[in-house]
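Here's the structure, in C-alpha cells; my notes come after.
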Amino acid sequence: MQHLLTLDGMPRATVVELLDRAQHFADLDGDADALHGIAICTLFFEPSTRTRMSFQLAAQRLGAHVLNFDVSTSSARKGETALDTMRNLEAMGVRGFVVRHHDDGAVAHLAAAARAGTALVNAGDGRSAHPTQGLLDMLTLRQAKGPDFATLRIAIVGDVKHSRVARSDLHALRCLGAGDIRVCAPAALLPDDGTLDGVRVTHDLDDALAGVDAVITLRLQRERMQDGLVDSLEGYHRDYGITAERLEGAAPDVVVMHPGPINRGVEITDEVADGPRALILRQVANGVAVRMAVLERLLAA
Amino acid sequence: MQHLLTLDGMPRATVVELLDRAQHFADLDGDADALHGIAICTLFFEPSTRTRMSFQLAAQRLGAHVLNFDVSTSSARKGETALDTMRNLEAMGVRGFVVRHHDDGAVAHLAAAARAGTALVNAGDGRSAHPTQGLLDMLTLRQAKGPDFATLRIAIVGDVKHSRVARSDLHALRCLGAGDIRVCAPAALLPDDGTLDGVRVTHDLDDALAGVDAVITLRLQRERMQDGLVDSLEGYHRDYGITAERLEGAAPDVVVMHPGPINRGVEITDEVADGPRALILRQVANGVAVRMAVLERLLAA
Amino acid sequence: MQHLLTLDGMPRATVVELLDRAQHFADLDGDADALHGIAICTLFFEPSTRTRMSFQLAAQRLGAHVLNFDVSTSSARKGETALDTMRNLEAMGVRGFVVRHHDDGAVAHLAAAARAGTALVNAGDGRSAHPTQGLLDMLTLRQAKGPDFATLRIAIVGDVKHSRVARSDLHALRCLGAGDIRVCAPAALLPDDGTLDGVRVTHDLDDALAGVDAVITLRLQRERMQDGLVDSLEGYHRDYGITAERLEGAAPDVVVMHPGPINRGVEITDEVADGPRALILRQVANGVAVRMAVLERLLAA
C-alpha cells in the first residue's frame with residue numbers, strides 16, 4: 001500500500017488491521033516514534049483547519065517533521081501547477097503528503113505521478129472520498145457496537161449527493177459487511193451515480209430511523225440553499241433534523257455521529273449533539289488515532 | 001490552579017512562585033522537557049503575531065507539540081462556535097489552550113466549559129486582563145528594583161481605560177503590595193469601573209513622574225483618534241509622551257517599560273525607548289520565561 | 001562569519017567548505033542535531049512558500065525550533081518597523097533569522113543592527129543577492145561537472161537585470177574561477193550596474209549556447225510584460241526559450257538549471273524541464289542541504 005486514496009475496494013483485512021492499529025494509538029494516548037525524522041507536508045488546495053490539525057497532531061505524535069502548505073491562501077504559488085508543487089516538495093525530502101483538493105480525482109492524479117518512496121493520503125477530494133473519515137467512523141462504530149457489522153442497522157441522513165464522507169462511509173460499511181444500511185435525504189440531495197447501489201433509500205426520516213443502531217448525520221452546506229436544492233434551513237430541520245423525538249423510533253442504545261462542523265439546530269439539535277447518544281467528539285478523538293495508523297502504515301520503515 | 005485567567009485575587013504566594021520559576025527559566029536560557037508530548041494550541045480570535053510567538057517559543061522550549069489556530073483569518077471555521085472549536089481540539093488531545101479574544105470574559109467562558117484535564121491561559125481578553133503580561137512586568141520590575149514592592153513608586157501612563165495590560169499590572173502591583181501607584185492619562189482615557197480604586201490619579205505628567213522608580217507606558221491605539229478620545233498624536237505626545245526631559249523629575253535610576261509594539265514618537269521618544277533606562281526588550285525576554293513557568297505550572301504532570 | 005548576506009567577495013575557501021558540508025548533508029539524507037534548542041525565525045517581508053519551506057526543513061533537520069513570520073500577510077504588525085520586529089524576536093531568544101525583503105540592502109541593514117550572537121541569512125533581497133541559491137546552484141554544477149570550474153562554459157539566460165539569483169550565481173562562479181561565462185537576454189533585461197563586468201554578453205541564444213556545459217535559465221516575472229520590457233511570452237519563448245532544438249548547439253552532456261518556479265513553455269519547454277538534462281529538482285534537493293550547511297556554520301556552538 002503506497003497511498004491511501006479511497007476505501008473503495010480495500011480488502012477487509014486491511015481495513016481491520018488499520019482499525020486495530022488505530023485502537024492501539026487511541027489506547028496509548030501519547031507519542032510514538034515511528035516516523036522520527038520523516039517529513040510530512042499537509043497540502044490543502046481547499047482549506048480546512050480542523051482536518052489539517054488532526055493530521056498535524058497525528059504526524060507530530062509519530063515524531064515526524066510537519067510542514068503546512070495552505071495552497072488556497074498562499075500568495076507564493078505564482079501559477080505553479082499542483083504537480084510541480086508536489087515534485088518540488090518531494091525533492092526537498094518530503095516523504096508524505098496529506099492532500100485535500102476540491103476536484104474529484106485530483107489526489108489520485110498526483111499520486112500517479114509521485115515517486116516510488118512517496119506516500120499520499122487523500123484528506124478529501126471533491127465529492128469522491130475522504131478515507132480517513134470513513135475509517136474513523138468505523139472505529140467509532142466498532143467501539144460502540146462491537147466488531148460484528150453484519151447485525152448493525154445504520155442510517156445515513158442528509159446530503160449524500162455532495163458528501164465524500166458518505167461515500168467513504170458506504171465503502172467502509174460494505175467492506176465490513178454491514179447488514180442494513182439506509183440512506184435518507186430529500187431527492188435533490190441523493191446521488192444518481194451508483195453510490196447507493198444495494199442501499200435502501202427513503203425520504204421518510206421515521207422510516208430510516210426505525211430500529212437503527214447508529215445514525216450518521218451529514219453536514220448541510222449552506223450553499224445548497226443558493227443552489228435551490230434545499231428550500232430553507234427550517235424546512236430541512238423539520239424533515240431531516242435529528243431530534244430526541246425522532247430518535248424514539250430507533251434502538252434504545254442508538255448512537256449518533258456527525259463529521260463536523262455541526263450546524264446546530266439544522267442537521268441536529270443541541271440536545272442530541274451534546275447528549276449521551278452523540279459520539280461526535282469521540283469521532284474527533286479517533287481521527288487522530290486513525291491518522292497515526294495510516295501515516296505509520298504508509299511511511300514507517 | 002487549572003487555568004490562568006486573571007491576576008485579580010491571585011494569592012501573593014502564587015505570584016511569587018510563578019515569578020521565581022520564571023526567573024529560573026530566564027537564567028536557564030535553554031530548553032526544559034517538562035511538557036514533552038503535551039499538545040498546546042494557540043487559539044487567537046484577535047490576531048497578535050508577537051504574543052503568539054512568545055507563547056509558541058515557551059511551549060517549544062518545554063518540549064510540547066504546538067498548534068497555531070488563528071481563528072480571525074481562518075477560512076475554515078464555517079460558523080462553528082468558539083466552544084465547539086475548543087471542544088474539538090480537546091477531543092484531538094490538545095491539553096493546553098492559549099486564548100486571545102476581543103470580548104471581555106470570553107476566555108473565562110471557555111474555561112468554564114473545559115474538561116477537567118484542560119488548561120486555558122488568557123492571552124488577553126477585551127479590556128479585562130492579560131495576566132502573563134502582568135507577570136512579566138512584575139518580573140522585570142523585580143529584576144530591576146528588587147523584591148520589596150512596598151517601597152516602590154510607580155507611574156502608569158496612558159490609555160488605562162482600554163488597556164488589559166494596565167488592569168493586569170494593577171492587579172499584580174496590588175497583590176505584591178506596591179506602596180505608591182499613580183495613574184496618569186487624559187480624562188477620556190481613564191476607566192470609571194473601579195479599576196483605579198486606591199490609586200492616585202492625575203492628569204499632570206510631571207506630577208505623576210515626580211520621584212518615581214518606574215514608569216509603565218501604555219500603547220495608544222490609533223483608533224482612539226477616530227473615537228474622538230484623543231485630538232492628535234502630537235497633542236498626546238506633548239502632554240503624555242515620555243521624554244528624557246520629563247524623566248528628569250523621576251528618581252535618578254528610574255526605569256521605563258512598555259508592552260509593545262511602540263508607537264515611536266507618540267507614547268515615548270526614540271531616545272528613551274532605545275536608551276539605558278528602557279527595559280522594553282527585557283520585558284519581551286521575560287515574557288518567554290513567564291509563559292514557560294505558567295504553562296509548566298498548569299500542564300506538567 | 002556572523003551573517004550570510006551575499007557571496008560577493010566571499011573567499012573561495014569558504015565557498016568550498018560550505019559546498020563540502022552541504023554535500024555531506026545531501027549524502028546523509030536525514031537529521032543532524034547541530035542546532036538542538038536553537039530558535040530560528042523565517043522573517044519574510046515578501047512571501048515565498050517554497051524558499052521558506054526549504055529553510056524550515058533545513059532548520060528542523062538540524063533540531064532547531066522554527067518560527068515562521070510572514071510579515072507581508074500579518075495583521076499583527078501594527079506599523080512596527082522591521083528593526084523593532086527583529087529586536088523583539090531577538091529578545092525572545094531567536095538566534096537565527098532567515099530574511100527575505102523586497103528592498104535591496106534591507107537584510108544587510110537589519111544585520112548591521114543585530115546583536116553579537118544573532119545570525120542573519122539573506123533569503124533574497126530586492127535584485128541584489130540570494131546567496132543560498134547561488135551556493136545550491138554551485139553544488140548542483142559541481143555534482144554534475146566536477147570541482148574544476150575553470151574549464152566550464154556556462155550560459156545564464158533570461159532576465160538578469162531583475163534577478164538576485166543571477167547576481168549570486170555570478171558572484172559564486174567568479175569566486176570559483178569559472179572560465180567562460182556568457183549572459184544572454186534582450187537588451188531591456190540586461191543590467192547596467194557592473195553586474196556583467198568580465199562576462200560575455202550576447203542577444204543571440206544560439207551564440208550563447210554554443211558548446212556550453214551548463215545553462216542557467218532565469219524565471220521571467222510576468223510583470224515584465226506590464227513594464228513593457230518584454231513584448232509577449234510567445235516572442236520571448238521564440239527568442240530566449242530553452243528547447244531541445246536550441247540545445248543541439250551545446251555540449252552533448254549539457255545540463256539545464258532553473259531556480260523555479262518554472263513558467264512552462266516560456267523560459268523552457270516541458271520536454272527540457274522534465275527531460276534528462278534538467279537538474280531542476282536536484283537544485284531543489286540541494287537547497288535543503290546547502291541551507292543546513294549555512295545554518296550550522298552560522299549558529300552551531
Side-chain angles (χ1 to χ4, degrees), chain B residues 25-26 28-33 42 44 46-64 66 68 70 72-73 100 136 140 219-223 233 258-266 270 273-274 278-292, chain C residues 33-45 47 49 52-53 56 59-99 110 112-118 299-301:
Chain B
F25 286 125
L28 177 70
D29 189 27
D31 286 14
D33 204 38
T42 62
F44 275 43
E46 183 184 270
S48 168
T49 305
R50 175 199 286 250
T51 303
R52 179 179 62 69
M53 284 195 171
S54 178
F55 273 106
Q56 184 177 342
L57 263 173
Q60 288 176 329
R61 290 220 176 279
L62 292 167
V66 187
N68 295 310
D70 183 350
S72 65
T73 63
R100 170 163 288 196
L136 76 88
T140 307
R219 177 173 170 82
L220 184 71
Q221 304 288 343
R222 282 159 192 274
E223 55 262 37
L233 296 180
H258 189 294
I262 302 171
N263 291 306
R264 290 175 168 271
V266 180
D270 284 353
D274 302 328
L279 300 181
I280 301 174
L281 292 177
R282 174 66 67 94
Q283 290 171 273
V284 175
N286 285 333
V288 177
V290 156
R291 283 152 189 152
M292 289 176 77
Chain C
D33 204 37
L35 300 187
H36 184 77
I38 300 285
I40 294 175
C41 185
T42 62
L43 189 59
F44 274 44
F45 295 84
T49 305
R52 180 179 61 71
M53 284 194 172
Q56 185 177 343
Q60 288 176 330
R61 290 219 177 282
L62 293 167
H65 300 306
V66 187
L67 298 172
N68 294 309
F69 192 171
D70 183 350
V71 187
S72 63
T73 64
S74 170
S75 50
R77 218 180 132 215
K78 298 179 184 168
E80 192 179 51
T81 64
L83 197 54
D84 276 337
T85 298
M86 181 185 78
R87 283 184 173 147
N88 270 278
L89 289 162
E90 269 185 323
M92 288 184 203
V94 173
R95 290 273 321 282
F97 292 88
V98 175
V99 188
L110 286 173
R115 288 183 188 173
T118 298
L299 288 164

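Quick note on labels: first sequence line is chain A, next is B, and so on, each numbered from 1.
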Original post:
Is B:R264 atom CZ crowded by more than 12 heavy atoms from other residues, nucleotides or ligands, each under 6.0 Å away?
Top reply: yes
**OP:** Look at atom CG of B:D274 and say whether more than 12 heavy atoms of other residues, nucleotides or ligands are closer to it than 6.0 Å.
**Re:** yes
**OP:** Examine whether an atom of C:N88 lies under 4.5 Å from a heavy atom of chain B, and if so say whether it belongs to the side chain, the backbone or both; otherwise answer neither.
**Re:** both
Original post:
For the atom pair CE (B:M53) and OG1 (C:T85), what is the distance rounded to the nearest 0.5 Å?
Top reply: 9.5 Å
Original post:
Can you tell me how far the CG atom of B:L281 sits from the CE atom of C:M92, to the nearest 0.5 Å?
Top reply: 10.0 Å
Original post:
Any donor-acceptor pair under 3.5 Å linking the side chain of B:R61 with the backbone of C:G37?
Top reply: yes
Original post:
For the residue pair C:V66 and B:Q60, what are the closest heavy atoms and their distance?
Top reply: O-NE2, 3.5 Å
Original post:
So which heavy atom on B:R52 is nearest to which on C:N68, and how close?
Top reply: NH2-O, 4.2 Å
**OP:** Give the C-alpha distance, both sets of side-chain angles, the deciding distance and a yes or no for side-chain contact (heavy atoms from CB on, under 4.5 Å) between C:V71 and B:T49.
**Re:** CA-CA 9 Å; C:V71 187; B:T49 305; over 6 Å; no
